[in-house]
Amino acid sequence: MGGSLIVSLDFELFWGMLDRCPLEAYQDHVLGGREAIPELLALFQKYGIHATWAAVGFLFAENYEELSGFFPEQRPSYLNKAVDPYGTFAKIGADEQQAPCFYGSSLLRRISETPGQEIGSHTFSHYYCREKGQTPEQFAADMKAARAIGEAHGYVLTSAVLPRNQCEPEYTRILRDCGFTAYRDEENDWIHEKIKFRPLLRLLRLADVYVPLTGQGGYRPRREDGVWNLTGSRMYKPIFRPLEFLEGLKLRRIKKQMLHAAKNGLTFHLWWHPHNIGVRTREHLQQLEEIFRYYAQLRETYGMESLNMREAAQKEKPEDLS
């Protein structure tokens, strides 16, 4: 057994940045990410990379009129209104042509037509499971809406990536009841488990991008309440200008983790957002090609295989996905 490489992308356009910055400050990343997707798909095809594109449900609709028909009756009652996306629609335009940072049906079609690519869910509304004020019932309504709009466009969504990788046992059971068979959990390491002081947490996570503070990240998938936990092993971080001289260490870190997984028959799960490569796109694609070229070597030497999340869940227990 040569292990497996899972690749997943949080496909959210600007929905995940609403509470972080104004659109004007970040739209070059989002629009650049849109333009990078065809090149990324070509790269996936070149190296046989299967990937899950976990898309926010809002992206599926052709226009606001269609989308509003899928809005759940129970919407998230966040105490922090800045993270509630429903008030945004009056300001952004009605369709993909007018609001390319918020709608993405044409991109989803292109992705779905590419061999090895899975359309998954990043929830319907970029839902935050640990945000104060929201309830499990509201989360269930959100995920049902995500499934419904996916099915309306011909996609059967079985893999979920929750925003900020936030999940709780009760929410895992909701995923199961809504028909999902796999989800991506947050990294399982001592930094995430023991460090609660956020500035220190962010500093250590940044350092771990370049040096092995948390080990190799490989694992064997485990089943939780009927759903396969396909934990993220490593986020592919975009080039960070102040530490640009360490980019070689970043790639070396990822490769060593992949090698460890290949040698030991483990899963290595690499993920990022398309908007992460929306600026300096050529350099990011060159880095990703270096990673995928190394995967091809591991495939030849150890039999490592590339799986999207649905395929990984099927491999673990095919009869669960009738």
Side-chain angles (χ1 to χ4, degrees), residues 6-16 27 29-71 85 88-89 92-126 142-161 163 178-182 184 271-278 281 285 288 292 306-311 314 321:
I6 298 176
V7 170
S8 63
L9 298 98
D10 299 17
F11 186 29
E12 59 189 34
L13 296 179
F14 191 67
W15 290 110
Q27 64 181 350
H29 291 74
V30 178
L31 295 176
R34 287 183 63 103
E35 294 179 3
I37 286 175
E39 294 185 79
L40 188 57
L41 290 171
L43 206 58
F44 285 168
Q45 290 299 284
K46 181 177 180 180
Y47 292 97
I49 300 297
H50 292 200
T52 293
W53 297 72
V56 171
F58 291 164
L59 306 188
F60 288 79
E62 298 292 336
N63 51 55
Y64 177 75
E65 182 179 4
E66 178 199 353
L67 177 59
S68 61
F70 290 92
F71 284 177
T88 303
F89 289 101
I92 65 172
D95 56 28
E96 190 171 2
Q97 184 175 1
Q98 296 177 15
C101 292
F102 296 91
Y103 293 89
S105 59
S106 67
L107 293 172
L108 286 167
R109 284 193 294 272
R110 184 159 188 169
I111 292 165
S112 69
E113 292 166 356
T114 304
Q117 309 307 298
E118 175 198 14
I119 303 299
S121 177
H122 200 38
T123 73
F124 181 68
S125 64
H126 204 267
D142 188 273
M143 296 310 298
K144 289 175 183 176
R147 288 268 298 188
I149 198 169
E151 290 176 5
H153 286 266
Y155 310 117
V156 179
L157 310 183
T158 63
S159 301
V161 171
C178 289
F180 291 91
T181 58
R184 191 188 74 208
W271 65 277
W272 68 95
H273 307 76
H275 60 69
N276 292 145
I277 64 171
T281 301
L285 288 174
L288 288 169
F292 300 151
S306 175
L307 302 171
N308 59 45
M309 290 175 65
R310 180 179 176 88
E311 290 168 339
Q314 288 175 326
L321 296 180

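Because the structure is a prediction, the values reported are computed rather than measured.
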Quick one: are the ring centres of Y103 and Y64 less than 6.0 Å apart? no
Check whether any side-chain heavy atom of I37 sits under 4.5 Å from a side-chain heavy atom of R110, and report yes or no. no
Do E96 and S106 get their side chains close enough for a donor-acceptor pair, meaning under 3.5 Å? yes
What do you reckon, are the aromatic ring centroids of F58 and F89 less than 6.0 Å apart? yes
NE2 of H122 to CH2 of W53: how many Å apart, nearest 0.5 Å? 13.5 Å
Taking the inter-plane angle between the rings of Y47 and F292 on a 0 to 90° scale, is it parallel (under 30°), tilted (30 to 60°) or perpendicular (over 60°)? tilted
To the nearest 0.5 Å, tell me how far E118 CD sits from E311 CD. 7.5 Å
Parallel, tilted or perpendicular: rings of F60 and H153 (30°, 60°): tilted
Side-chain contact test, heavy atoms from C-beta onward, threshold under 4.5 Å: evaluate it for I111 versus I119 and give yes or no. yes
If you measure only the distance, is there a donor-acceptor pair under 3.5 Å linking the side chains of T114 and Q45? no
Short side-chain donor-acceptor distance under 3.5 Å, E12 and H275: yes
As an exercise, state the distance from CG of N63 to CD of Q97, rounded to the nearest 0.5 Å. 12.0 Å
